Amino acid sequence: MKRRVLIEEKTLQNRVKELAKQISEDYKDKNPLLVGVLKGAFVFMADIIREITIPHTLDFMAVSSYGASTTTSGVVRILKDLDAPLFNRHVLIVEDIVDSGLTLRYIMRLLAARSPASLKVCALLDKTEAHQSMDLVDYRGFEIPNQFVIGYGLDYDQYYRNLPYIAVFEEKVP
Ligand code: 5GP
């Protein structure tokens with residue numbers, strides 16, 4: 001498999017620390033609920049919560065992704081819903097990557113209907129060009145070009161989630 005490193009491990013770690021610091025300041029005394037979107041966000045979630053210094057709880061939901069394709073189908077399916085109610089909680093959605101923004105918009109509509117005290121988004125990667133909307137993401141790790149990336153939780157056909165860096169997926173060599 002050909003890959004080109006886009007974001008080095010150290011650069012990722014530093015940015016995760018910065019995001020966690022900002023979140024810890026903004027959510028001080030708010031006891032936020034962090035909602036991770038599986039599977040891609042699990043590595044980011046695990047790293048960011050260990051840098052967040054304020055009390056918080058977390059939950060996960062799972063939605064369908066692209067399968068073995070690298071382009072969006074536009075169809076979002078909930079595979080696992082949240083365990084805990086959101087009513088009156090300060091909810092922060094933790095996403096791995098925002099591409100077209102379809103998944104995020106769908107999740108936000110769903111969660112907003114459950115009357116949280118607030119609802120914001122932290123996304124590690126944002127393909128801003130792809131969805132042309134700066135207002136979806138409140139905490140953004142990196143803006144990246146419109147290319148398919150893998151690593152740090154992100155997969156191609158369920159593989160490569162273990163890479164400690166973000167790479168552009170170029171081709172699969174059997
Ligand atoms: P959207 O609905 O914003 O188009 O796509 C969001 C979801 O598609 C992400 O949560 C992720 O699962 C998947 N996705 C989008 N772009 C990429 C990418 O470059 N690499 C990988 N591995 N998944 C992506």
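Start at 1 and go down the list; that is how both ligands and their atoms are numbered. Remember, predicted model here, so these are calculated numbers, not experimental data.
Near S100, the atoms of ligand 1 lying under 4.0 angstrom from a non-hydrogen atom of the residue are 1 (P), 2 (O), 3 (O), 4 (O). Of all atoms in ligand 1, listed by their number and element, those nearer than 4.0 Å to a heavy atom of L102 are 2 (O), 3 (O).
Counting only residues at least two apart or on different chains, the side-chain hydrogen bond (donor to acceptor under 3.5 Å, both in side chains) pairs with a member in residues 27-46 are K39-Q158.
In terms of polar-atom proximity, defined here as any N/O pair under 3.5 Å, Y156 makes no such contact with ligand 1. At a 3.5 angstrom cut-off on N or O pairs, L154 does not count as close to ligand 1.
In summary, the side chains of E18 and N14 do not present any donor paired with an acceptor at a separation below 3.5 Å, with no hydrogens or angles considered. R3 and Y165 share a donor-acceptor pair across their side chains, judged by distance under 3.5 Å alone.
Residue contacts with ligand 1 include Q147, since one or more of its heavy atoms lies under 4.0 Å from the ligand. Put simply, part of I97 is less than 4.0 Å from ligand 1, judged by heavy atoms. Ligand 1 is approached by G101 to a heavy-atom distance shorter than 4.0 Å. Heavy atoms of K39 stay at 4.0 angstrom or farther from ligand 1.
Contacts with ligand 1 closer than 4.0 Å are made by side-chain heavy atoms of D96 only, the backbone lying farther away.
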- [ ] Could you walk me through whether T57 and R89 pass the side chain to side chain donor-acceptor pair (under 3.5 Å) test, one step at a time?
- [x] CA-CA 10 Å; T57 58; R89 296 293 306 270; 2.9 Å; yes
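For the pair I54 and P32, the minimum side-chain heavy-atom distance is below 4.5 Å.
Both I52 and V43 sit in one connected hydrophobic cluster of ILVMFWY residues. Membership requires side-chain heavy atoms under 4.5 Å apart, directly or through other members.
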